[in-house]
J.: 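Input: one structure, supplied below.
Please read all numbers here as calculations on a predicted model, not as lab measurements. Chain naming here is simple, since letters A, B, ... match the order of the sequence lines and numbering starts at 1 in each.
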Amino acid sequence: MLDMFAKGGGDIHSARMVFDKMRDRNLVTWTLMITRFAQLGLLSDAVDLFCSMLLCGHTPDGFTLTSLLSGSVDMGWFSLGKQFHSWVIRSGLASDVCVGCTLVDLYAKCAAVGSVENSRKVFDSMPLHNVMSWTALISGYVQGRKEQEAMKLFCNMLHGRVAPNCFTFSSVLKACATLPDFSFGKELHGQTIKLGLSAINCVGNSLINMYARSGRTDCARKAFDILFEKNLISHSTDIDANAKELDSEESFNHDTEHTAIGASSFTYACLLSGAACLGTIGKGEQIHALVVKSGFGTDLCINNALISMYSKCGNKEAALQVFNDMGHRNVITWTSIISALAKHGFATEALELFHEMLEIGAKPNEVTYIAVLSACSHVGLIDEAWKHFNSMHYDHGISPRMDHYACMVDLLGRSGLLLEAVEFIRSMPFDADALVWRTFLGSCRVHRNTKLGEHAAKMILEREPHDPATYILLSNLYASEGRWDDVAAIRKCMKQKKMMKETGYSWIEVNNQMHKFHVGDTSHPQAKKIYDELDELALKIKNLGYVPNTDFVLHDVEDEQKDHYLFQHSEKIAVAFALISTPKPKPIRVFKNLRVCGDCHTAMKYISIVSGREIVVRDAYRFHHMKDGKCSCNDYW
DNA sequence: GTAGGGTTAG
């Protein structure tokens with residue numbers, strides 16, 4: 001009866017009333033009540049009950065502790081989870097398999113209390129491993145961005161003859177999405193099809209995510225269609241049967257609410273984030289239409305994903321539209337829109353929204369502050385940034401993390417206060433990591449301070465000896481000073497160490513098709529026409545006063561030839577291609593995987609005049625809206 | 001009566 005109340009519709013209060021009236025309560029009664037409270041996220045009540053239970057002289061068992069631990073994990077109350085861990089050790093429950101698994105999960109999920117290593121310790125101390133403990137540990141490594149390690153564990157798991165289930169595949173596929181070698185992901189996809197798991201929501205979503213993020217939108221779409229079809233059959237027996245055959249302990253939770261009408265909201269969120277990554281606004285809009293048609297138009301997660309999709313695809317207005325139409329918002333919503341505005345160069349608006357957010361009583365989190373600080377950094381609002389940096393701790397109890405310090409270093413460095421930035425790094429309460437120094441090195445490049453740049457590079461290489469980005473930044477710094485011997489030395493060193501640098505490329509969507517260009521690319525069917533257009537553009541903008549800035553050519557060649565190299569940059573090629581293949585009032589949206597080059601930035605401003613077109617460039621750092629010879633970044637970037 | 005996954009924020 002107690003469980004009926006507790007489970008049926010989650011009427012925990014009726015359950016509590018029954019519980020309070022009971023004369024005889026045994027261990028199961030207490031545990032049942034604690035479990036239900038913990039599952040509903042009412043953790044304080046669960047803990048209260050736990051205390052009362054102890055006072056009544058009952059000794060909790062593995063079930064009780066598993067429920068409390070899992071509740072702590074779900075709520076993110078890791079310090080509480082840690083206290084229960086001590087309790088587990090003291091009461092000799094550490095050998096309980098369920099408790100062990102949950103502990104592995106606890107430490108896998110909390111970066112603050114420890115790291116994956118703590119999860120590993122618990123894992124190693126267990127005499128036997130099952131799907132659960134393996135999966136929990138693997139997911140910890142995936143979350144900690146140690147994908148290689150996760151894949152190794154997965155192999156060990158198979159060696160140990162433990163069969164993976166849909167949760168395992170879900171985690172491992174996520175790891176595959178980031179691996180350079182794609183064959184592993186394909187292989188796993190095959191496995192999930194064989195096992196009949198590919199159409200189960202969590203696996204299907206990971207597959208979609210993996211394909212979408214690596215640019216294989218066709219495969220993503222196929223995986224999506226299969227998922228969609230299968231889910232329409234809702235609770236089809238064959239899925240369950242296959243799943244049960246694989247692991248008889250399993251029963252899969254289909255979310256009934258959503259399966260009846262199609263894919264779950266997460267599926268759409270996956271697809272949207274894939275579209276956002278690629279910057280394909282055409283696909284993004286299609287998914288948006290699908291979302292509305294499937295009745296997910298008011299889903300919070302999806303709307304958040306929509307904001308970020310539109311923003312990342314260069315359409316700030318559409319992002320704002322979604323934001324304004326939302327009836328219900330959470331921190332992620334606010335953070336998304338703030339960072340969207342910041343990236344598009346509308347820092348004042350971003351900060352206004354932040355104040356609005358505080359006024360209505362929404363609580364910012366650490367990511368919100370990253371968005372706020374980066375908004376300040378994008379326009380050089382130093383005092384404002386200091387104000388927020390100090391207030392995040394005092395007013396909201398959020399202590400600045402490494403990322404926040406990196407934001408401040410970026411802000412100081414970018415605005416030319418290099419010495420202040422170094423001083424700030426020295427004053428940090430913990431040792432600056434490679435990210436912080438890399439940020440600083442970037443500033444040294446902008447302000448051409450070779451001495452400080454060399455120091456920064458040294459610091460980075462002490463921490464991450466094989467970071468190609470550092471070598472590239474340093475070599476660019478030398479190149480801009482004409483120190484070609486040093487450039488050559490670095491290149492040689494990189495070659496010896498077999499370090500790969502990500503090559504720069506730009507892409508653009510025309511008539512729902514993606515076109516990708518590398519430096520000096522002549523592989524496009526219309527290459528001849530594109531280069532003719534480039535020549536013409538070069539003449540026109542030089543007449544308007546454009547002077548090529550050869551600092552950005554990183555080869556040791558004569559000046560005249562340098563001009564020539566500049567006009568082969570992938571972003572210029574993409575713009576020229578857009579000009580000859582799209583009609584006039586349409587804005588041109590170019591995407592680049594690295595930072596846009598300074599000379600291209602200048603040239604594009606002139607091109608926006610001679611062509612009368614708006615050019616939007618998304619690079620690895622931010623957006624540039626160029627119109628009538630001006631850029632939304634005000635040349636501060 | 002216990003446990004694991006997918007998404008959105010930098």
J.: Centre-to-centre under 6.0 Å for A/Trp77 and A/Phe84, is that the case here?
T.: no
J.: Return the nearest nucleotide to the side chain of A/Cys301; candidates are B/dG10, B/dT7, B/dG4.
T.: B/dT7
J.: Choosing from B/dG10, B/dG5, B/dT7, which nucleotide comes nearest the side chain of A/Ser170?
T.: B/dG5
J.: Name the closest nucleotide to the A/Asn201 side chain, picking from B/dG5, B/dT8, B/dT2.
T.: B/dG5
J.: Establish, from distance only, whether the side-chain atoms of A/Thr168 and A/Thr135 form a donor-acceptor pair under 3.5 Å.
T.: yes
J.: Angle class for the A/Phe50/A/Trp87 ring planes (parallel below 30°, perpendicular above 60°, tilted otherwise)?
T.: perpendicular
J.: If you only use heavy atoms from C-beta on, which nucleotide in B/dG1, B/dA3, B/dG5 is closest to the side chain of A/Asn130?
T.: B/dA3
J.: Could you tell me which residues satisfy salt bridge (charged side-chain N to carboxylate O under 4.0 Å, His left out) with A/Arg438, sequence neighbours excluded, listed by chain and number?
T.: A/Glu464, A/Asp467
J.: Side-chain N or O of A/Lys174 less than 4.0 angstrom from OP1 or OP2 on B/dG4?
T.: no
J.: With a 4.0 Å limit, can you tell me whether A/Ser374 has a side-chain N or O closer than that to the phosphate oxygens OP1/OP2 of B/dG10?
T.: no
J.: Indicate, with yes or no, if the rings of A/Phe19 and A/Phe37 have centres closer together than 6.0 Å.
T.: no
J.: If you check the A/Thr102 side chain, which of B/dA3, B/dG4, B/dT2 turns out closest?
T.: B/dA3
J.: Please tell me if A/Gln143 has a side-chain N or O lying less than 4.0 Å from either OP1 or OP2 of B/dG4.
T.: no
J.: For A/Ser308 and B/dA9, is the shortest distance between a side-chain N/O and OP1 or OP2 below 4.0 Å?
T.: yes
J.: Are any of the side-chain nitrogens in A/Arg595 or A/Asp619 under 4.0 Å away from the carboxylate oxygens of its partner?
T.: yes
J.: Phosphate oxygens OP1/OP2 of B/dA9: is one of them under 4.0 Å from a side-chain N or O of A/Lys312?
T.: yes
J.: Does A/Asp61 get its side chain close enough to the base of B/dG1, under 3.5 Å, for a donor-acceptor pair?
T.: yes
J.: For B/dG10 and A/Ser339 - does any side-chain N or O of the residue sit under 4.0 Å from the phosphate oxygens OP1/OP2?
T.: yes
J.: Kindly state which residues belonging to residues 397-404 of chain A come within less than 4.0 angstrom of DNA chain B, counting heavy atoms of the residue only, listed by number.
T.: A/Arg401, A/Asp403
J.: Relative to A/Tyr107, does A/Lys121 satisfy both conditions: NZ or CZ under 6.0 angstrom from the six-membered ring centre, and within 45 degrees of the ring's axis?
T.: no
J.: Side chain of A/Cys98 only, heavy atoms from C-beta on: which candidate in B/dT8, B/dG4, B/dA3 is closest?
T.: B/dA3
J.: Hey, does the side chain of A/Ser336 come within less than 4.0 Å of B/dT8's phosphate (OP1/OP2), counting only N and O?
T.: no
J.: Are A/Asn209 and B/dT7 close enough that a side-chain N or O sits under 4.0 Å from OP1 or OP2?
T.: yes
